[in-house]
2 protein chains.
Amino acid sequence: MAVPNATAASPLFLREPEIRRGVELLYFGYSHMTRAIDDELGLQGLGRAHHRALYFIARQPDLTVSELLKLLAITKQSLGRVLNELSARGLVEQRTGTSDRRQRLLRLTAEGAALEARLFEALREKVSAAYAQAGQGAVAGFWTVLEGLIPESERGRVVALQRER
Amino acid sequence: MAVPNATAASPLFLREPEIRRGVELLYFGYSHMTRAIDDELGLQGLGRAHHRALYFIARQPDLTVSELLKLLAITKQSLGRVLNELSARGLVEQRTGTSDRRQRLLRLTAEGAALEARLFEALREKVSAAYAQAGQGAVAGFWTVLEGLIPESERGRVVALQRER
DNA sequence: CGTTTGGGACAGCCATATTGACGTATTTAT
DNA sequence: ATAAATACGTCAATATGGCTGTCCCAAACG
């Protein structure tokens, strides 16, 4: 990379147009990814909030309620409603913790796992098309920038997801 | 799992864990970016919907209502409420279109522009920190992957934003 | 001329989030 | 043994930001 002068103080890619480009692409990219599952969710009579819970429970079986709360960054009350609905439909099951019996360990039922897989399939199509088009190097950059947007204090939780499945 | 010799047909970065990583990073990255402006918005008694309108009007002065509707992908009614509130507060002004007098051309007032700038500053801090940490090459990859998530049919609208400011 | 388009407005509804208070079981520390 | 902290659940009330359906007007277009 030829790095011309004056870049030490403020490289070109840190100028306002480049920042705005990132803001916009992040907005549109996120929007289109999430819209990819709205149809299937609508068929099930579920919303995006349900999917987020479903997703993270799929990702980290035996997740506790408080761990899920930290990931979703919503209130206990909001999550409670979602979790009750998912349980009532037989998509999620809760077991009492073994070492700490105050905890509820969350897992998908077979039916829940099947639904999550169906939803993930729609995400996979979207994301893998973008990955394939962009190439491996671009994907690495994509990850790196996004990781930088996550505060230090929470990065551990996100990295932990990678170790699961 | 019926794909034999998966490497040719599907490179490593298209496997499930890599797709999930993208999904999660996009979710967390987007979340943290948007949260960066919630405090300032709260002070003004505005919500994220107001910011999105403010942002795109800042980006493309004399934007018409229908263009803004396409960018935001919400209904006329939802946007109407937001736009009325922004107008009532003197943050946005509307002029009648010159060539087509049915159109309303949207612009920020000086006050609106000042608020948008203040909000953008919070975004800029977040994003430029991530950019700087990741480096120029990663930023290019970040853009490329996100562009791939935007359907062909809408990519033009997003690219057009870059030509404005 | 009739049709289409750009914009606005009504009522009512839904999904998802919030705060604050309170209750209960369980674990941990003194 | 008791006190404190933790994990979870639940109450009521409220806000935000979407949605549908319907109707309307003015201007542009063919």
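Given the structure is predicted, the values throughout are model-derived calculations rather than measurements.
The distance from atom CD of B:E85 to atom P of C:dA9 is 12 Å, rounded to the nearest whole Å. In this structure, B:Q77 places its CD atom 17 Å from P of D:dG17, rounding to the nearest Å. B:I74 places its CD1 atom 16 Å from the C1' atom of C:dC14, with the value rounded to the nearest Å. In this structure, the CG atom of B:L41 is 9 Å from the P atom of D:dG17, given to the nearest Å. Note: CG (A:L79) to C1' (C:dT19) measures 16 Å, nearest angstrom. B:R95 places its CZ atom 17 Å from the C1' atom of C:dG7, with the value rounded to the nearest Å. Counting to the nearest Å, the P atom of C:dG6 and the CG atom of B:L63 are 13 Å from each other. Look at CG on A:L83: it is 18 Å from P on C:dA15, rounded to the nearest Å.
The aromatic rings of B:Y30 and A:Y30 sit parallel, their planes meeting at an angle under 30°, below the 60° perpendicular limit.
In this structure the side chain of A:L46 reaches within 4.5 angstrom of the side chain of A:L91, judged on heavy atoms.
OP1 or OP2 of C:dT16 sits under 4.0 Å from a side-chain N or O of A:H50. Within the structure, every side-chain polar atom (N or O) of A:S78 is placed at least 4.0 Å from both OP1 and OP2 of C:dT16. In this structure, A:R48 does not reach the C:dA15 phosphate: none of its side-chain N or O atoms is under 4.0 Å from OP1 or OP2. Contact annotation: B:T75 side-chain N/O to D:dC19 OP1/OP2 distance is under 4.0 Å. Under 4.0 angstrom from either OP1 or OP2 of C:dG7 there lies at least one side-chain N or O belonging to B:S66.
Residue-level contact check: A:G47 touches the backbone only, with heavy atoms under 4.0 Å from sugar-phosphate atoms and none from bases. Residue A:R81 is in base contact, counting any heavy-atom pair closer than 4.0 Å across all strands shown. When heavy atoms are screened at a 4.0 angstrom cut-off, B:Q94 is found touching the sugar-phosphate backbone but no base atom. Residue A:T96 is classed as having no contact, given no heavy-atom separation below 4.0 Å to the nucleic acid.
Checking A:V82 against B:D100, the closest nucleotide of DNA chain C that is more toward the 5' end is the one next to B:D100. Nearer the 5' end of DNA chain C, as judged by each residue's closest nucleotide, is the contact made by B:L105, out of A:R101 and B:L105.
A donor-acceptor contact closer than 3.5 angstrom links the side chains of A:Q162 and B:E24.
Here the side chain of B:V65 is nearest to one of C:dG8, C:dA9, D:dC8, namely C:dG8.
A donor-acceptor distance shorter than 3.5 angstrom exists from the side chain of A:T109 to the backbone of A:G90, with no hydrogens or angles considered. Counting only distance, with no hydrogens or angles, the side chain of A:R59 and the backbone of B:R20 share no donor-acceptor pair below 3.5 Å.
Transitive grouping of hydrophobic side chains (ILVMFWY, heavy atoms separated by less than 4.5 Å) keeps B:Y55 and B:L105 in distinct clusters.
For B:K76 and C:dG8, a side-chain-to-base donor-acceptor distance below 3.5 Å is present, hydrogens and geometry of angles not being considered. Residue B:R102 places a side-chain atom within donor-acceptor reach of the base of C:dT5, judged by atom type and a 3.5 Å distance cut-off alone.
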